[in-house]
Every structure is written in structure tokens, then in C-alpha cells.
Amino acid sequence: MQVNQLHPWPATVAEAESIQDRLRAQVDLTGGPTAFALVAGLDVHYHGDDELTAAVVVLDGGTLAPVERVVAHGRAAFPYVPGLFAFRELPALVTALERLTVTPDLLVCDGYGLAHPRGFGLACHLGVLTGLPSVGVGKTPFVGTHEPPGQERGAWTPIVHEGATVGRALRTQRGVKPVYVSQGHRISLDVATEQVLRLAARYRLPEPIRHADHLARHPT
DNA sequence: GCGACAG
DNA sequence: ATCTTGTCGC
């Protein structure tokens with residue numbers, strides 16, 4: 001698939017932050033499709049110093065059967081700074097997406113979207129670059145506060161940051177730690193939550209991310 | 001001001 | 001993210 005060119009690469013924290021502030025204006029949070037024929041999971045595995053492998057696995061949105069798998073090897077493109085995490089993985093993830101022969105209808109990203117210090121996490125960034133609907137799924141809390149959701153599958157509570165709801169803590173399986181869902185691009189919070197719950201059919205994390213995680217760790 | 005902080 | 005054993009539960 002085609003992905004828009006990454007803007008001049010930031011050399012400093014201030015430059016990276018200003019790119020986020022500029023691209024944030026392009027995020028569409030008003031909604032979009034509510035059904036997705038092809039769903040992609042994205043993840044990155046780190047080895048050694050700055051080496052990494054990005055993996056994308058596209059699943060049939062109905063059966064959740066894998067349709068295509070691609071990887072891209074590279075190096076971390078930025079130091080790790082909370083809030084600028086996306087700049088580490090973006091080049092390798094974009095390379096992997098460009099190697100897909102099919103175009104997904106939804107990107108399920110490992111990390112946050114709107115629930116971010118400047119409202120522009122990895123999921124938003126990938127959504128804007130591709131133009132595709134995207135959702136962020138975090139494994140640990142980041143910004144904002146929330147009450148613990150009920151123990152049953154599907155229970156959720158809002159994540160509130162600076163007076164606004166920016167995501168949801170969602171219990172995807174009974175008795176597991178919640179995952180943190182936030183909008184990336186072209187998706188409502190309701191649809192994002194519904195999709196993450198549906199995709200996390202058997203385990204805590206959504207199937208697309210589990211497949212991508214496995215592929216990034218065991219490339220073939 | 002200080003600490004904490006997605007992966 | 002990664003470095004790592006044992007242990008509990010399905």
C-alpha cells in the first residue's frame with residue numbers, strides 16, 4: 001500500500017514536538033467506517049542497541065484468519081522519550097506497510113493515540129500518514145486517570161486527561177489487567193472500543209497485535 | 001520544583 | 001523494549 005512521506009525528520013525533542021502539534025490538526029475524530037473487512041496489527045521488536053524489526057499482520061476482519069504478513073528491519077530512529085515514542089518506530093513501520101500487497105481497513109497499533117500528552121500518539125500518527133482508520137491499544141497506563149473497570153469482559157471506564165475523555169480502560173477478558181484504548185484517526189471511541197473487544201476474542205490483547213508481536217519476534 | 005512517563 | 005525463575009491456573 002501507499003503511505004505518505006514522513007516529514008523532515010526531527011533532530012531534537014522540540015522539532016519532534018512541533019511536528020506532532022502540526023499533524024494533530026489533520027486527525028479526524030468524528031468517526032468513519034464501523035465495519036472493517038481487513039484489520040492490520042502492528043508491532044516492533046527490539047534487539048541489541050538500536051536494532052529493531054517491525055511487523056504487520058493483516059487479518060480477515062470476520063474470521064480473524066491471517067491474510068498477509070510483512071516485516072521490515074531497521075534501527076530506532078529517535079531516542080526514547082515518553083510522548084515521542086512514535087519517532088523510534090515510524091520509519092520501520094511505514095516500510096513494512098508499504099510492503100503490503102493489500103490495503104487494510106483498520107490499523108490496530110501497539111501504543112496510544114489521542115490519550116497522549118499532545119493528543120497525538122503513534123496511532124494518530126500512523127492514521128494521518130496512511131489516511132486509514134486507526135486505534136491505539138496500550139498495555140500500561142500513560143496519561144490521564146481512570147477508575148478500575150469491572151472484572152467482567154467488556155467492562156470499561158473512561159480515561160480522563162485535562163478534563164476530557166481521551167480513551168477507555170477496557171477489560172478484554174475476565175480477571176486480566178485492562179488494556180487502554182484510544183482513538184487514532186477516523187474512528188469514534190465507541191467503535192474503537194467495540195473493535196478492540198471483538199478482536200480480543202480469546203486473550204487480553206487483540207489478535208492482530210498478538211500476530212504482529214509473534215512475527216516481529218520470530219521473523220521468517 | 002520534583003518525579004513519573006506508551007514501547 | 002530488554003535482562004530473567006518459578007509458579008499458579010486452565
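Convention: sequence-line order gives letters A, B, ...; per-chain numbering from 1. Predicted model only: the values in this text are computed from it and were never measured.
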Quiz item: Does OP1 or OP2 of dC10(C) have a side-chain N or O of Arg174(A) closer than 4.0 Å?
Solution: no
Practice problem: Could you state the atom-to-atom distance from CZ of Arg217(A) to C1' of dA1(C) in whole Å? | Solution: 9 Å
Quiz item: When the distance from CD of Gln173(A) to C1' of dG9(C) is rounded to whole Å, what number comes out?
Solution: 15 Å
Sort me out a list of protein N/O and nucleotides 3-7 of chain B N/O pairs below 3.5 Å, or just none if empty.
| from | atom 1 | to | atom 2 | distance (Å) |
| --- | --- | --- | --- | --- |
| dA6(B) | OP2 | Tyr80(A) | OH | 2.7 |
| dA6(B) | N7 | Gly83(A) | N | 3.2 |
| dA6(B) | N6 | Gly83(A) | O | 3.0 |
| dA6(B) | N6 | Phe85(A) | N | 3.4 |
| dA6(B) | N6 | His116(A) | NE2 | 3.4 |
| dA6(B) | N1 | Leu122(A) | N | 3.3 |
| dA6(B) | N3 | Tyr112(A) | N | 3.1 |
| dG7(B) | OP1 | Lys139(A) | N | 2.8 |
| dG7(B) | OP2 | Thr140(A) | OG1 | 2.8 |
| dG7(B) | O3' | Asp110(A) | OD2 | 3.1 |

Quiz item: Where does the angle between the aromatic ring planes of His47(A) and His73(A) fall among parallel (under 30°), tilted (30 to 60°) and perpendicular (over 60°)?
Solution: tilted
Using a strict cut-off of less than 4.0 Å between a Lys/Arg side-chain nitrogen and an Asp/Glu carboxylate oxygen, indicate whether [X] and [Y] qualify as a salt bridge.
| X | Y | answer |
| --- | --- | --- |
| Arg186(A) | Asp105(A) | no |
| Arg210(A) | Asp213(A) | no |
| Asp110(A) | Lys139(A) | yes |

Quiz prompt | Partners passing ring-ring contact (aromatic ring centres under 6.0 Å, His included) against His125(A) (at least two apart in sequence or in another chain) | solution = Phe87(A), Phe120(A)
Quiz item: Any side-chain heavy atom of Val196(A) within less than 4.5 Å of one from Trp156(A)?
Solution: no
Exercise. Dot-bracket for DNA chain C, please, read 5' to 3', with Watson-Crick or G-U wobble pairs under 3.5 Å on both distances, ( ) within the strand, [ ] crossing, | other strand, . unpaired.
Key: ..........
Quiz prompt | Residue among Leu107(A), Leu126(A), Thr130(A) satisfying side chain to side chain contact (heavy atoms under 4.5 Å, CB included) with Leu93(A) | solution = Leu126(A)
Exercise. Please name the pair of heavy atoms, one in Gln20(A) and one in Gly83(A), separated by the smallest distance, quoted to 0.1 Å.
Key: NE2-O, 3.0 Å
